[in-house]
Amino acid sequence: MTAVLSTPKAWEELSLKPQQVPRFLEYAQVHQNGHLLLGASSLCGRTWTGSIWHYSDPKSAPCVSKSLSGVDIEASTSCGTWITDERIMIGTDMGSVEIWSSGELFELKLQAMEHHDSVNSLALFPSKKMAVSGSSDMCLKVWDIDEGRSVSTYSRHRNAINHIDCQKVDNNSLFASASRDGFVAGWDIRTNATTFSFDQPSEGCPTCVCWKPNSASYLYIGYESGAITRLDIRNPKDTHTWREHQRRVNKIAVNNSLMASCSDDCSICLFNVSENKQPEFVGKMKNHTDMVTDVCWSPTSQCQLVSCGWDHQVVVHNISSDFEVKS
């Protein structure tokens, strides 16, 4: 009788994944079902490469053996988002916007090379049928996700696009962009026109933007200086600016009443942003030891934040116990 060697299923799954998650964690996005999309880049060697990972529990990241799936990609990636629980969209530094299936194995469904420089930010409209990409080529592109192609291009910024965000209201057609030219601009995809333009030279260039959920008016803007501004687009002169970070603000995440921000200063700050109130500083978290690149609220718990950074950590925070509350 000939002996047949069997390979344990866990070994088979592990052999299909990359051997390690690159050190520099760029984004961590949690789906409504609680699953985590993690993007990482190597940022070393002759060529910069990256990988994307799928976890059923954010607390398991970035452990390779505890991931559901992972795949190396041929370029570094600094932005990614869930489309559905089985599809994701990412941007790469070679200018591609890509759609992958995210089941037991990642499978590339679309690779569109329409930008001429790195894709720095992606945002989906609430319908999940349209998306926007922003690039270092100074262009914004609106995408029809089902058709897998861009349907319009905006090229009015005079420098690289740092970040974009779509309004989080039903039947929305507005999005905002933050550029290294110093301006934050609003855009309406129905008219292909700008709806507002805002700059604040004293704070340097804007690095990120975030609309308040269920609000068509309030936009939060992060800056290189570490400042954050709340802008009411109905009255651009009605702004409030505050600074709790010491360095560049990388991302802002807002739920109905709380806002979290992460920074190159290795911290995450929490603010009360209830309607009709001036933002109020709540506390600061300092678990990371290198710059914090992304932060998002967990859809499964209003008391949890998920963050990642260049210290190769994914941290799940409980806001009632993890923050150093200001006295």
Side-chain angles (χ1 to χ4, degrees), residues 26-32 35 37-39 50 52 54 73 75 77-102 106-157 160-179 184-195 208-211 213 216 219 251-254 294 296 299:
E26 301 285 4
Y27 52 88
Q29 292 293 304
V30 182
H31 189 267
Q32 294 293 330
H35 287 209
L37 168 64
L38 181 67
I52 48 178
H54 181 186
I73 56 177
T77 174
S78 61
C79 54
T81 187
W82 292 96
I83 301 173
T84 68
D85 61 349
E86 296 181 343
R87 286 198 303 165
I88 65 166
M89 176 179 278
I90 69 168
T92 75
D93 73 349
M94 64 182 183
S96 67
V97 171
E98 302 177 1
I99 295 178
W100 293 73
S101 63
S102 56
F106 278 110
E107 182 179 355
L108 182 61
K109 298 296 185 180
L110 170 74
Q111 185 182 61
M113 304 285 294
E114 295 197 25
H115 283 290
H116 302 294
D117 207 331
S118 60
V119 177
N120 300 323
S121 185
L122 291 169
L124 265 62
F125 287 96
S127 68
K128 302 297 179 77
K129 296 183 181 297
M130 305 290 285
V132 186
S133 59
S135 168
S136 291
D137 65 6
M138 300 182 283
C139 290
L140 298 153
K141 288 184 178 289
V142 178
W143 298 81
D144 185 310
I145 293 175
D146 291 336
E147 294 187 10
R149 64 182 182 90
S150 66
V151 294
S152 57
T153 300
Y154 304 87
S155 54
R156 297 179 189 174
H157 279 296
I161 311 300
N162 282 329
H163 196 244
I164 50 182
D165 192 36
C166 299
Q167 271 191 347
K168 303 172 180 70
V169 294
D170 293 337
N171 302 315
N172 169 51
S173 62
L174 302 181
F175 70 93
S177 58
S179 170
V184 172
W187 310 84
D188 190 333
I189 63 173
R190 295 170 300 185
T191 62
N192 292 335
T194 54
T195 58
C208 58
V209 287
C210 182
W211 292 97
L219 179 69
K251 294 288 175 59
I252 295 171
V254 185
D294 201 5
C296 71

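Among Q167, K168, H163, the single residue meeting the side-chain hydrogen bond (donor to acceptor under 3.5 Å, both in side chains) criterion with D165 is K168.
The CG atom of L174 sits 5.5 Å away from atom OG1 of T195, with the distance rounded to the nearest 0.5 Å. Separation of atoms CD1 (I164) and NZ (K141) is listed at 12.5 Å; rounding is to 0.5 Å. Separation of atoms CZ (R156) and OG (S179) is listed at 14.0 Å; rounding is to 0.5 Å. The NE2 atom of H115 sits 10.0 Å away from atom OG1 of T92, with the distance rounded to the nearest 0.5 Å. Here the NZ-CD distance, from K129 to E147, works out to 11.0 Å after rounding to the nearest 0.5 Å. Taking CD of Q111 as the reference point, atom CE of M94 lies at 4.0 Å (rounded to 0.5 Å).
Pairing each heavy atom of A178 with each of V209, the nearest pair is CB-CG1, 3.9 Å. The two residues M138 and A160 have their closest heavy-atom pair at CG-N, 3.8 Å. Closest non-hydrogen pair, V169 versus P126, comes out as O-CG, 3.5 Å. Closest approach of A216 to W211, counting heavy atoms only: O-CZ3, 4.1 Å. Taking all atoms of both residues into account, the shortest heavy-atom contact from S78 to V119 is OG-O, 3.3 Å.
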task: Please assess H157 against L140 for the test side-chain contact (heavy atoms from CB on, under 4.5 Å), listing each intermediate value before the final yes or no.
output: CA-CA 9 Å; H157 279 296; L140 298 153; 4.1 Å; yes
Derivation and outcome, side-chain contact (heavy atoms from CB on, under 4.5 Å), residues F125 and I189: CA-CA 11 Å; F125 287 96; I189 63 173; 4.0 Å; yes
Stepwise side-chain contact (heavy atoms from CB on, under 4.5 Å) check, I73 with W100: CA-CA 11 Å; I73 56 177; W100 293 73; 3.6 Å; yes
query: For W82 and L124, what are the C-alpha separation, side-chain angles and deciding distance, and is it a side-chain contact (heavy atoms from CB on, under 4.5 Å)?
result: CA-CA 9 Å; W82 292 96; L124 265 62; over 6 Å; no
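At least one donor-acceptor pair under 3.5 Å links the side chain of T77 to the backbone N or O of G91. In this structure a side-chain-to-backbone donor-acceptor pair under 3.5 Å is missing from S121 to G134. Looking at H31, its side chain does come within 3.5 Å of a backbone N or O of D85 through a donor-acceptor pair. A distance-only check finds no donor-acceptor pair linking the side chain of S101 to the backbone of R87 [under 3.5 Å]. Under a 3.5 Å cut-off, the side chain of D294 and the backbone N or O of A28 do form a donor-acceptor pair.
A donor-acceptor pair shorter than 3.5 Å cannot be found between the side chains of D117 and S135. Side-chain N/O atoms of N120 and S136 include a donor and acceptor closer than 3.5 Å. When only modelled atom types and interatomic distance are considered, S96 and E98 share a side-chain donor-acceptor pair under 3.5 Å.
Within the 4.5 Å cutoff, no side-chain heavy atoms of T81 are placed close to those of Y27. Inter-residue side-chain proximity for I145 and K128 is flagged as unmet; no heavy-atom pair is nearer than 4.5 Å.
Relative ring orientation between H35 and H54 is described as tilted, the plane-to-plane angle lying within the 30° to 60° band. Ring geometry, Y154 versus F175: the interplanar angle exceeds 60°, so the pair is classed perpendicular (tilted spans 30 to 60°).
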